[in-house]
Participant: 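The structure that follows is given in the form of structure tokens.
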Amino acid sequence: MLRRSFLLLAPALLFAQPVLADTPVVGAPGRIARLRLGKSEQPPKAQIDGRRLLVRKERGEWVALAGIPLSAKAASRLFVDVDHPDGTRERRRITVVDRKYSIQYLTVAPDQADLPADQVAQYDQEREHLLKVLRTFSEAGPASLALRQPVEGRRSSSFGSRRVINGMPRSPHGGLDIAAVEGTPVAAASAGRVIDAAEYVFLGRTVVLDHGQGLLTLYSHLSEIAAKPGDAVAAGATIGKVGATGRATGPHLHFSVYLNAAAVDPALFLPALPP
Ligand code: ZN
């Protein structure tokens, strides 16, 4: 019940909540911190560790939206460097606050826990390639932050959940899974440009879209890809079909949203679930 009511509140928090400029900014892993950057004519630039943040004008004021990585530790600080158009630079802080995500402990046969030796090098290469893709930043911003759900179907609430397999913690689940029948067309969640379309060991056939200012969406386990890098796609355009490629227990869409290369909860951008 609690989780459901939070999802209903989330879009209102993202799009409407004002934050005072000099109040401390906090952000939880997998969520979005907002920093007010003033009313200059030209937009300021903001970055965390060299990764540019999405900056947009809201009610006459520039606001940076910082994705907080799921790996960020509670009580740690993230530093945001802001370059104002008048040449001044300032450093802001975001204090990371705790957020509980579920943890699942599993014991499986050792040969199921790890990749076969011949796939390890491939996986490492893929990981590096994907990290580069996820750091894509283009200046033109998205027309809207609202996204459409790429396929109809029940959404899992597993964003951020962690698995500990044979005592080894795995990376947290950076997306939400939507149950759908194999072959169901997958729609672009918003207008954008295809920046990656490839097959990966874990993610299977995958498409990544750039919506501007570091807002990216990723679609995985596709049975078919219907887009190629460089393509411009309209919101709702078919970019592939639901499948179970890669490491998937059955057909579903794994859907991720990134801001400044950090996976953030897609539910923040999607229409609220019916009560
Ligand atoms: Zn998933």
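Each ligand, and each atom within it, is numbered from 1 in the order the structure gives. When reading the values below, keep in mind they use all heavy atoms of this one structure, side chains included, and skip hydrogens, waters and symmetry mates.
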Participant: Looking at Arg205, His129, Glu126, which one forms a side-chain hydrogen bond (donor to acceptor under 3.5 Å, both in side chains) with Tyr200?
Facilitator: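 The side-chain hydrogen bond (donor to acceptor under 3.5 Å, both in side chains) with Tyr200 is passed solely by His129 among Arg205, His129, Glu126.
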Participant: Quick one, Tyr258 and Val208 - any side-chain contact, counting heavy atoms below 4.5 Å?
Facilitator: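 In short, these two side chains do not touch, never coming nearer than 4.5 Å.
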Participant: Rounded to the nearest 0.5 Å, what separates atom CD in Glu224 from atom OG1 in Thr245?
Facilitator: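 If I round to the nearest 0.5 Å, the distance is 11.0 Å.
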Participant: CD1 of Ile32 to CG of Leu53: how many Å apart, nearest 0.5 Å?
Facilitator: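 Answer rounded to 0.5 Å: 11.5 Å.
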Participant: Protein N, O or S atoms less than 2.8 Å from the Zn ion (ligand 1), ignoring waters?
Facilitator: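 Within the sphere that stays under 2.8 Å of the Zn ion (ligand 1), the protein atoms of type N, O or S are His173 NE2, Asp177 OD1, His254 ND1.
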Participant: Assess whether a salt bridge exists between Arg193 and Asp210, defined as any Lys/Arg side-chain N lying under 4.0 Å from an Asp/Glu carboxylate O.
Facilitator: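 Salt bridge: yes.
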Participant: Among Lys45, Arg91, Gln47, find the one that has a side-chain hydrogen bond (donor to acceptor under 3.5 Å, both in side chains) with Asp81.
Facilitator: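 Exactly one option meets the side-chain hydrogen bond (donor to acceptor under 3.5 Å, both in side chains) with Asp81, and it is Arg91.
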